[in-house]
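Here the structure is laid out as structure tokens; the discussion comes afterwards.
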Amino acid sequence: MKLESPGPALGRRVVRRGREHYYPHVTDAEWHDWRWQFRHRVTSLADLARFLTIPPEEWKAREQVLSDFRMGITPYYLSLIDADDPRDPLLRQVVPLAEENLFRAVGDEDPLGEEKFSPVPGITHRYPDRVLMVLSNNCAIYCRYCTRKRTMYDGATPDVEIDRMVDYIARTPSVRDVVVSGGDPLNFATAKLDAILTKLRAIPHLEIIRIGTRVPVALPQRIDDELCEMLAKHHPLWINVHFNHPNELTPDAARACDKLSRAGVPLNNQAVLLKGVNDDVATIKALCHGLMRMRVRPYYLYQCDPVRGAEHFRTPISKGIEIIEGLRGHTSGLAVPTYVIDAPGGGGKIPVQPDYLLQYDREQGRALLRNFQGKLYEYLEPRANEDVLVPVAPPIPASAQTPPIVLAGSNRKRAEPESNGKAQSANGNGHASSSPGATNGATNGASNGATNGASNGAANGAGNGAMNGAGNGAASSAKNGSAPVVGKSKWVHRGSTKAERAARAKKRTS
Ligand SMILES: *Cc1c(COP(=O)(O)O)cnc(C)c1O
Ligand code: SF4
């Protein structure tokens, strides 16, 4: 039955969710017992149909989806889902949907090439000083977009295999950091995890241990005193949690995170950018603010990997950039995660940022920067280590005004931007009115530039290409007047053409 209040109160429908709705007869003792939660996970469609409506025409498709990748939803996580909203952001993360089938042929079993970089089963050694160790193949909930679907079919990882992973780390002195991930390590019995962490801790060159877990999100009851006391024995130990949506930030989750923090474990969040779940600035901002209140630092925002069956979750890269751009400067820097794309085939995590450095001329020591409001600023680099920068006046007391700096023998001044500063100051709130233009100019400039740069880059090396690209773009937008440069440095550089540098060099050596 759908409880909707018609008439004047329209839009204020009674939301059917929560423990009272789904599990009215379960006792407190059961509900707060993580073993009960784990045992009562929803794992079949018939089970699911007791709680959520499954359209009859979708059963077949969803069954097929389930044969590809299993389902697991804890009663706790289910209780956060709105039973009447088929687009509920938590439902989409864990309930098998026909959409997975639609794009079944697309995507990869192992999009990150983890097997390729695996010296022993379970270990991925991609970076010089740290390894990923996949301990188990079961999780409290199964996320439909999981990158490691392929590992989630088999039974428990045999102990000998775990010993082989530990042994690899022990005989590889370059490894100073291990990411113990999953499958979810916190699904292990406390004593078993303790034994594994003890073996890892005995490795002298292993400095830090990190655990990647979704348990505080999906099964927060598991974070009990016994577990926290055990974890605290193995410091320095860090935990990466995996919250994707503000609806997951419940009092239970907050309590779990608080317990871990009190056990001395720094918490960082790794979210995945998912279409229809969290792909807008407001949602990610609310998520990051909520995490901060729980003393969890937003660490990464991952582009969704092209894993099989997850095509409908993927967003364009521009979406991730837009989200970061909507956060940086607009809210606490601590609340801004690094947006990363894990390169297909095993290139590792590549950070992607909005372009704030629009132009960078290394020879001239000059950069054109864009701030979070789209205003442009010129920044000049120090030249103190060259013979060209000489203060005219001797140093004067700090109380006095900053002396103007002029260059010995200077015959060139910094190029003035062609847009006029007058227009800005004339209209009183100049910046505000000039920023839309600046934003467009910058955006066009940067994107044209980036494109050119990328193609030049193929020949010149990606680094140069990107740099030239950004430069060209910004320069052309500055020329057409849409991008006034604000914020000029007080320093003046001597012109630095090749001929001038050669002449100076000659003077120095003669
Ligand atoms: C993500 C990842 C790590 C850890 O990367 P950080 O950027 O240090 O958090 C290590 N190894 C592999 C294979 C990974 O995918
Ligand atoms: S918790 Fe992590 S490893 Fe487990 S299914 Fe979700 S994304 Fe995959």
Side-chain angles (χ1 to χ4, degrees), residues 38 41 43 68-74 77 90 92-96 110-119 122-153 157 165 168-169 172 174-188 207-219 222 238-245 248 266 268-274 277 297-305 307-310 313 337-351:
F38 198 81
R41 292 188 305 164
T43 55
D68 272 353
F69 180 45
R70 69 194 192 187
M71 162 171 57
I73 310 172
T74 57
Y77 199 80
L90 275 54
R92 292 184 66 78
Q93 291 183 57
V94 292
V95 169
D110 179 19
L112 307 184
E114 289 184 337
E115 313 285 345
K116 212 164 64 189
F117 288 82
S118 183
I123 293 271
T124 302
H125 194 169
R126 190 191 321 287
Y127 299 106
D129 67 344
R130 56 211 188 278
V131 295
L132 171 73
M133 178 172 171
V134 175
L135 259 197
S136 86
N137 37 38
N138 68 70
C139 295
I141 54 174
Y142 292 103
C143 315
R144 305 313 301 174
Y145 53 85
C146 181
T147 298
R148 288 197 200 110
K149 279 178 188 177
R150 67 178 193 284
T151 67
M152 301 290 176
Y153 307 102
T157 312
M165 296 183 212
Y168 175 79
I169 297 170
T172 313
S174 60
V175 178
R176 41 162 289 286
D177 174 2
V178 60
V179 180
V180 183
S181 186
D184 206 309
L186 298 191
N187 274 353
F188 278 173
E207 295 171 12
I208 66 164
I209 299 174
R210 290 194 254 178
I211 290 178
T213 176
R214 229 189 156 189
V215 156
V217 186
L219 186 63
R222 168 71 181 106
W238 294 57
I239 286 186
N240 282 343
V241 291
H242 177 176
F243 290 93
N244 286 331
H245 193 277
E248 295 168 343
N268 285 270
N269 190 64
Q270 315 199 102
V272 181
L273 180 56
L274 299 166
V277 173
R297 170 88 214 267
Y299 177 40
Y300 282 142
L301 175 64
Y302 283 98
Q303 174 74 357
C304 181
D305 292 325
V307 65
R308 195 152 73 101
F313 280 123
T338 303
Y339 172 48
V340 290
I341 303 176
D342 227 322
K349 297 174 184 72
I350 299 176

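All ligand and atom numbering here is 1-based and tracks the order in the structure. Keep in mind that this is a model prediction, so the values were computed, not measured.
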Would you mind running through ligand 1 and noting each atom that sits below 4.0 Å from a heavy atom of [X]?
| X | value |
| --- | --- |
| Arg210 | 4 (C), 6 (P), 8 (O), 9 (O) |
| Tyr300 | 6 (P), 7 (O), 9 (O) |
| Arg130 | 4 (C), 5 (O), 6 (P), 7 (O), 8 (O) |
| Tyr127 | 2 (C), 3 (C), 10 (C), 11 (N), 12 (C), 14 (C) |

Testing [options] one by one against [X] for a side-chain contact (heavy atoms from CB on, under 4.5 Å), which residue passes?
| X | options | value |
| --- | --- | --- |
| Thr157 | Asn137, Val134, Leu135 | Asn137 |
| Ser181 | Arg210, Met133, Arg148, Gln270 | Arg148 |
| Cys304 | Thr147, Leu274, Asp342 | Leu274 |

So, [X] side chain and [Y] main chain: donor-acceptor pair closer than 3.5 Å or not?
| X | Y | answer |
| --- | --- | --- |
| Thr74 | Leu219 | no |
| His125 | Tyr127 | yes |
| Ser118 | Glu114 | no |
| Arg222 | Phe38 | no |
| Gln93 | Leu90 | no |

Considering non-hydrogen atoms of the protein only, which is the closest contact for [atom], and what is the distance?
| atom | answer |
| --- | --- |
| atom 1 (S) of ligand 2 | Arg214 CB, 3.5 Å |
| atom 5 (S) of ligand 2 | Cys143 N, 3.3 Å |
| atom 3 (C) of ligand 1 | Lys349 NZ, 3.3 Å |
| atom 9 (O) of ligand 1 | Tyr299 OH, 2.6 Å |
| atom 4 (Fe) of ligand 2 | Cys139 SG, 2.3 Å |
| atom 2 (Fe) of ligand 2 | His242 ND1, 4.3 Å |

Subject >> Contact check: Cys146 to atom 8 (Fe) of ligand 2, N/O/S below 2.8 Å >> reply: yes

Subject >> Test item: side-chain donor near acceptor, Thr213 and Asp184, under 3.5 Å >> reply: yes

Subject >> Distance filter under 4.0 Å to Gly183 heavy atoms, resulting ligand 2 atoms >> reply: 3 (S)

Original post:
Of all the atoms in ligand 2, which lie at a distance below 4.0 Å from a heavy atom belonging to Tyr142?
Top reply: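 Heavy-atom distances to Tyr142 below 4.0 Å select 5 (S).
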
**OP:** Quick one: look at Ile141 and ligand 2, take heavy-atom pairs under 4.0 Å, and tell me if it's side chain, backbone, both or neither.
**Re:** backbone

